[in-house]
Amino acid sequence: MSTPDDIAASLDRRPLPLPDNVSVPYWEAAARGEVLYQECPACGQRQFYPRALCTACAAEPEWRTASGRGTVHTFTVVRQNWAEPFRELAPYVVAIVELEEGPRMMGNVTGCAPEDVHIGMRVEAYTIAVDDGLGVPFWRPADTG
Ligand SMILES: [Zn+2]
């Protein structure tokens, strides 16, 4: 049985993201503790995941730093995963979080019991750095005080 925070602490044993030419800035920012999304300077479209072109007008998007605040748009509780190291971490939460800036991204909600996660829940990002070029964002309940 794992604690809710074990899912983030397991990062050194998990398959890691492979940054490509487009997403390198995103992963490097996460290593510094920031969460980035893209915004188009031509039309204002905001998007995530990272792409070379704006999905609305095909201009080249720019990077913006998110506040790190968002809400749970939807989620699932993973109760079975036979692949290591996830096997001993279940149950854990995989959520789609909507940034307050608009784009949505997938991640684990940690820091609370899976049964406490709900749609509309306010969450905040934190990141764990693997090295200077790669960090991974996670989510936890936002301080509502
Ligand atoms: Zn655009």
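Index from 1, following the sequence. Bear in mind the structure is a predicted one, so any value in this text is a computation, not a measurement. Worth knowing before you read on, the calculation uses all heavy atoms, side chains too, and leaves out hydrogens, waters and symmetry mates.
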Interatomic spacing from CD in Gln45 to SG in Cys57 - rounded to 0.5 Å: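 Result: 8.0 Å between the selected atoms.
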
I need the Phe75 CZ to Ile96 CD1 distance, nearest 0.5 Å.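 Rounded to the nearest 0.5 Å, the CZ-CD1 separation comes to 12.5 Å.
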
Is [Y] reachable from [X] through a run of I, L, V, M, F, W or Y residues, each pair having side-chain heavy atoms under 4.5 Å apart?
X      : Y     : result
Tyr49  : Tyr26 : yes
Tyr37  : Val22 : no
Leu36  : Leu53 : no
Leu134 : Val24 : no
Phe86  : Val94 : yes

Mark yes or no for whether [X], through its side chain, and [Y], through its backbone, hold a donor-acceptor pair below 3.5 Å.
X      : Y      : result
Thr127 : Pro137 : no
Gln38  : Arg51  : yes
Thr110 : Trp139 : yes

Which pairs with one or both residues in residues 124-137 pass salt bridge (Lys or Arg N to Asp or Glu O under 4.0 Å), sequence neighbours excluded?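 Pairs touching residues 124-137 that pass the test: Glu124-Arg140.
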
Selection residues 34-46 - residue pairs positive for salt bridge (Lys or Arg N to Asp or Glu O under 4.0 Å), sequence neighbours left out: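 Output for this query lists Arg32-Glu34, Glu39-Arg46, Glu39-Arg64.
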
Side-chain heavy-atom pair [X], [Y] within 4.5 angstrom cut-off:
X      : Y      : value
Cys40  : Glu62  : no
Val123 : Val72  : yes
Glu115 : Val77  : no
Val117 : Cys112 : yes

Nearest atoms (heavy-atom pairs only) where Gly102 meets Glu98: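 In terms of heavy atoms, the two residues are closest at O-CG, 3.5 Å.
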
Of the non-hydrogen atoms in Pro91 and Pro114, which two are nearest, and what is the gap between them?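 Closest heavy-atom pair between Pro91 and Pro114: O-CG, 3.7 Å.
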
With sequence neighbours excluded, give me every side-chain hydrogen bond (donor to acceptor under 3.5 Å, both in side chains) pair touching residues 70-83.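 Pairs touching residues 70-83 that pass the test: His73-Arg104, Asn81-Tyr92.
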
Going by salt bridge (charged side-chain N to carboxylate O under 4.0 Å, His left out), name the residues that satisfy it together with Glu84, two or more places apart in sequence or in a different chain.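 Result, salt bridge (charged side-chain N to carboxylate O under 4.0 Å, His left out) vs Glu84: Arg87.
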
Taking only residues two or more places apart in sequence, or in another chain, which ones meet Glu100 in a salt bridge (charged side-chain N to carboxylate O under 4.0 Å, His left out)?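 Listed in chain order: Arg69.
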
Let me check something: any side-chain donor-acceptor pairs from residues 9-19 under 3.5 Å, sequence neighbours excluded? List them with distances.
unit_1	atom_1	unit_2	atom_2	d
Ser10	OG	Ile7	O	2.7
Arg13	NH1	Glu88	OE2	2.8
Arg14	NH1	Ile7	O	2.9
Arg14	NH1	Asn108	OD1	3.4
Arg14	NH2	Asn108	OD1	3.2

Walk me through whether Ile128 and Phe138 qualify under side-chain contact (heavy atoms from CB on, under 4.5 Å). CA-CA 8 Å; Ile128 296 179; Phe138 290 89; 4.0 Å; yes

